[in-house]
Asker: 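My structure is below; once you've seen it, I'll send some questions.
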Protein chains: 2
Amino acid sequence: MNQALKILDIFIKIQEYSDVFQHKRDGLLDEISLTEVHCIDYIGMTDHPNVTKISEQMGLTRAGISKISKRLISKGLIESYQDPDNKKEIYFRLTEGGQSVYDEHKKIHNKVRQEWLAFFEHYSDNEKATILRFFTEINDLFDGKSADKIEKEK
Amino acid sequence: MNQALKILDIFIKIQEYSDVFQHKRDGLLDEISLTEVHCIDYIGMTDHPNVTKISEQMGLTRAGISKISKRLISKGLIESYQDPDNKKEIYFRLTEGGQSVYDEHKKIHNKVRQEWLAFFEHYSDNEKATILRFFTEINDLFDGKSADKIEKEK
DNA sequence: ATATTTTTGTTGACGCGTTAACAAAAACGT
DNA sequence: ACGTTTTTGTTAACGCGTCAACAAAAATAT
């Protein structure tokens with residue numbers, strides 16, 4: 001994976017999960033919240049997503065996903081199904097409407113990605129290496145801190 | 001202002017307003033939410049802060065600040081006062097308890113700042129210049145986008 | 001001076017996600 | 001096979017902040 005992409009990944013994370021992005025996001029997808037789009041995104045790219053899997057992946061509680069999935073169903077964007085051999089777990093899949101939200105989101109995502117790659121090409125290889133190192137070390141720093149924190153809480 | 005500090009400022013903003021910081025923050029100040037601490041912070045460093053000023057500064061609604069200030073009063077961290085010549089505006093100041101929260105937050109803030117400056121010293125002057133340029137340009141990019149967005153909404 | 005407009009703060013209804021408690025199903029131990 | 005434990009999803013109560021509607025005070029216009 002090249003440097004630009006690595007830095008990009010870090011930035012996308014910051015961007016997607018930061019307030020900045022939450023408030024200045026593309027007005028295209030009103031009626032659907034950012035969380036709902038993320039949820040659709042995950043359902044769209046996962047094999048047999050159930051409440052638990054989605055909640056773990058998205059960093060929300062099962063209760064939260066349970067409610068979000070109900071909203072998405074009532075909006076006609078996803079539907080649920082079950083394995084005949086398993087009456088406990090409930091899986092989700094996208095409806096047509098959900099699929100088009102998924103596609104549109106991917107499109108926006110890719111557009112931002114392309115813009116970013118273009119932007120990043122203004123830097124020399126050396127500069128890119130520096131920036132990458134910077135982000136990698138910052139990332140490690142954060143991880144280290146959170147580890148400390150977890151340790152302290154035990 | 002030197003490069004390290006400029007980059008630091010940008011990072012502090014990302015850090016303070018990102019989910020990452022919200023969830024991995026120091027467990028020292030439980031019973032008080034991050035928003036409340038920010039509010040205390042602003043009240044602590046402003047002359048005659050009223051609901052409107054605080055809301056504009058913090059990017060929240062007046063309704064929100066109205067409720068937060070009531071919470072902070074009920075927790076004994078701030079108190080309100082009025083100008084005898086103005087029966088409309090309501091100002092706030094920190095109580096002793098509020099002041100110690102303020103001080104503690106500043107202490108943590110400075111500690112993080114110091115750690116960050118130390119971390120940043122691992123980079124050469126050239127590298128620092130590159131990183132700064134990167135952040136500056138990213139910042140401009142974001143600003144530009146938000147301007148587009150505002151325009152589109154009109 | 002008085003009428004109109006603007007500013008300021010509050011309240012109620014709402015949306016969103018969390019925690020806690022729970023029932024049903026599955027997994028496990030023996 | 002049966003009792004216990006774990007997993008899974010749902011629900012109610014709650015916290016937080018938004019929006020909309022509002023009353024009171026201040027600013028402005030005439």
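All heavy atoms count here, side chains included; hydrogens, waters and symmetry mates do not. Chain letters run A, B, ... following the sequence lines, proteins first, then strands; residues in each count from 1. Owing to the predicted nature of the structure, the values given are computational and were not obtained by experimental measurement.
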Asker: Calculate the interatomic distance between B:Met58 atom CE and D:dC16 atom P; express it in whole Å.
Answerer: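 After rounding, the reported distance stands at 13 Å.
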Asker: Starting at atom CG of A:Asp83, determine the distance to atom C1' of C:dA25, rounded to an integer number of angstrom.
Answerer: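 My rounded result for the distance is 13 Å.
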Asker: Indicate yes or no: does A:Lys128 engage A:Glu121 in a salt bridge with an N to O separation below 4.0 Å.
Answerer: yes
Asker: Measure from NZ on A:Lys75 to C1' on C:dC16 and round the result to the nearest Å.
Answerer: 11 Å
Asker: Round to a whole Å and report the spacing from CG of B:Leu34 to C1' of D:dC16.
Answerer: 13 Å
Asker: Does the pair A:Asp83 and A:Glu89 meet the rule for a side chain to side chain contact (heavy atoms under 4.5 Å, CB included), with working shown?
Answerer: CA-CA 8 Å; A:Asp83 180 344; A:Glu89 300 184 359; over 6 Å; no
Asker: Kindly indicate whether the side chain of A:Thr61, heavy atoms from C-beta on, has any atom under 4.5 Å from the side chain of A:Ser55.
Answerer: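 Not touching, per the 4.5 Å side-chain cut-off.
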Asker: List the protein contact pattern of nucleotides 1-11 of chain D with one symbol per nucleotide (5' to 3'): B for base contact, S for sugar-phosphate-only contact, - for none; contact means a heavy-atom distance under 4.0 Å.
Answerer: ------BBBBB
Asker: Let me know the distance between CD1 of B:Ile68 and P of D:dT18, rounded to the nearest Å.
Answerer: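 My rounded result for the distance is 7 Å.
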Asker: In terms of side-chain geometry, is the basic nitrogen of B:Lys75 or B:Glu36 positioned less than 4.0 Å from the acidic oxygen of its partner?
Answerer: yes
Asker: Within less than 4.0 Å of OP1 or OP2 of C:dA26, is there a side-chain N or O belonging to A:Asn86?
Answerer: yes
Asker: Tell me whether the OP1 or OP2 atom of C:dG17 has a side-chain N or O from A:Thr61 closer than 4.0 Å.
Answerer: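 It does not, given that no N or O in the side chain of A:Thr61 lies less than 4.0 Å from OP1 or OP2 of C:dG17.
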Asker: Is the shortest side-chain N to carboxylate O distance from B:Glu127 to A:Arg133 below 4.0 Å?
Answerer: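 A:Arg133 and B:Glu127: salt-bridged.
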Asker: Report the residue from A:His105, A:Gln99, A:Lys107, A:Lys106 that forms a side-chain hydrogen bond (donor to acceptor under 3.5 Å, both in side chains) with A:Asp103.
Answerer: A:Gln99
Asker: Give the dot-bracket line for DNA chain D from 5' end to 3' end: parentheses for intra-strand Watson-Crick or G-U pairs under 3.5 Å, square brackets for crossings, | for inter-strand pairing, dots for unpaired.
Answerer: ||||||||||||||||||||||||||||||
Asker: Measure the distance from CZ on B:Arg71 to P on D:dC14 and round it to the nearest whole Å.
Answerer: 16 Å
